[in-house]
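Whatever order the structure lists them in is the order used to number ligands and atoms, beginning at 1.
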Amino acid sequence: MTDQVAPKNPAVPSLESRKAKPKGEVLLSVKELEAVFETGDGVVHAVDGISFDVHRGEIFAIVGESGSGKSVSAMTVMGLLPTIKIRSGEILWKGTNLLDLDENAMRKIRGREISMIFQDPLTALNPVHTVGRQVAEMARIHEDISKKDAMKRAIETLDLVGIPEPQKRADMHPHEYSGGMRQRAMIAMAIMCKPDLLIADEPTTALDVTVQAQVLDVLVDIKDEIDSGIILITHDLGVVAGLADQMMVMYAGNQVEFGTVDDIFYETAHPYTEGLLNSIPDLVGDHSKPLVPIKGSPPSLINRPSGCAFHPRCTYARVPGVCADTEPKLRDEGNGHLSACHFTSVDWKPQ
Ligand code: SF4
């Protein structure tokens, strides 16, 4: 194999102005979580030994292509996947293992302490009821609050997320809202009880770029306003670059890279992450640079490739008996920047 220089991907604007923020308390600590679905076709290895912490005040991004396990990881934290089987690991919420709680106890945490913003507001909002009623209902479920007070707070919350004329719009139905306003209404529902953690699953996928930016701004403002943490699930590295503090890249249910956004964008340590970065426009350098998609498709989670699951698609998988045969473990590149590749980030040579 020839020497390879670690890519310094300039796909995002300089992040030098980003100040190293002191971390808040650990809210969520996922440890060695392994979860599968047992299907008629075989065992789907949806989440394979992932670990991460989310702190108060930070935006933690989970990134990967469709089927990489990012949404399943979040839904598992929320206890929203009744058919998933947890094989091992812990999901510690403020020190309590959520996997030990029954559905009743989980329901008290869901919505009140941990809230989820889904990617498709049209299916998440009830078309029959007014938006105001649905937002108010979130407080009614979790708090001892009158209908009148809940509606008053719903209108204040709609105002907080930037819905114009919230008093009037609270009486409207979801179909009378634009796409961006529906997503804001979803955010309003999620923050009604001022949760400590918001999980936003592709919150802007269906929106045009301008509205997308506005909705993301709302999310950041809300995080500061209610002093929460956010898990941002996305396939869009452009979104992550502008917003997140820490990030985890997932591939085939595995955690393949983990670190600060600056580490991962500027000291990319895993070839899959490099592939993702090469497939988005270069925002600061050569705008005419052709985008290079990652060849092939994500693998089946029932029959994952041997060794490194990325090896059939990896440009650097050239050493016989290494990539296709041995599964790489997460290795610290320094300062907690982890990569699951047999090659170092410096020269991409075998260890
Ligand atoms: Fe590519 Fe091999 Fe590294 Fe896997 S272990 S990412 S196949 S170089």
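- Against a heavy-atom cut-off of under 4.0 Å, His270 is close to the following atoms of ligand 1: 6 (S).
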Side chain to side chain contact (heavy atoms under 4.5 Å, CB included) between Met247 and Phe60, worked out
CA-CA 5 Å; Met247 64 188 279; Phe60 180 84; 5.9 Å; no

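- Electrostatic pairing of Lys108 and Glu103 does not count as a salt bridge here, judged by no charged N lying under 4.0 Å from a carboxylate O.
- Counting heavy atoms closer than 4.0 Å to ligand 1, residue Cys314 contributes side-chain atoms (C-beta onward) but none from N, CA, C or O.
- Taking backbone and side-chain atoms together, Cys341 has an N/O/S atom less than 2.8 Å away from atom 3 (Fe) of ligand 1.
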Worked verdict on Glu176 versus Arg169 for salt bridge (Lys or Arg N to Asp or Glu O under 4.0 Å):
CA-CA 9 Å; Glu176 298 174 272; Arg169 286 204 162 81; over 6 Å; no

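- Short contacts between ligand 1 and His342, defined as distances under 4.0 Å to a heavy atom of the residue, involve ligand atoms 3 (Fe), 5 (S).
- Between Asp196 and Lys94, at least one side-chain N (NZ, or NE/NH1/NH2) sits under 4.0 Å from a carboxylate O, which counts as a salt bridge.
- Counting the atoms of ligand 1 from 1 in the order shown, those under 4.0 Å from a heavy atom of Cys323 are 2 (Fe), 5 (S), 7 (S), 8 (S).
- Heavy-atom proximity to Phe343, at under 4.0 Å, picks out these atoms of ligand 1: 2 (Fe), 3 (Fe), 8 (S).
- Residues Glu65 and Arg313 are paired through a salt bridge, judged by an N-O separation under 4.0 Å between the basic side chain and the carboxylate.
- Short contacts between ligand 1 and Ala317, defined as distances under 4.0 Å to a heavy atom of the residue, involve ligand atoms 7 (S).
- Looking only at distances, no side-chain donor or acceptor of Asp263 sits under 3.5 Å from a matching main-chain atom of Glu267.
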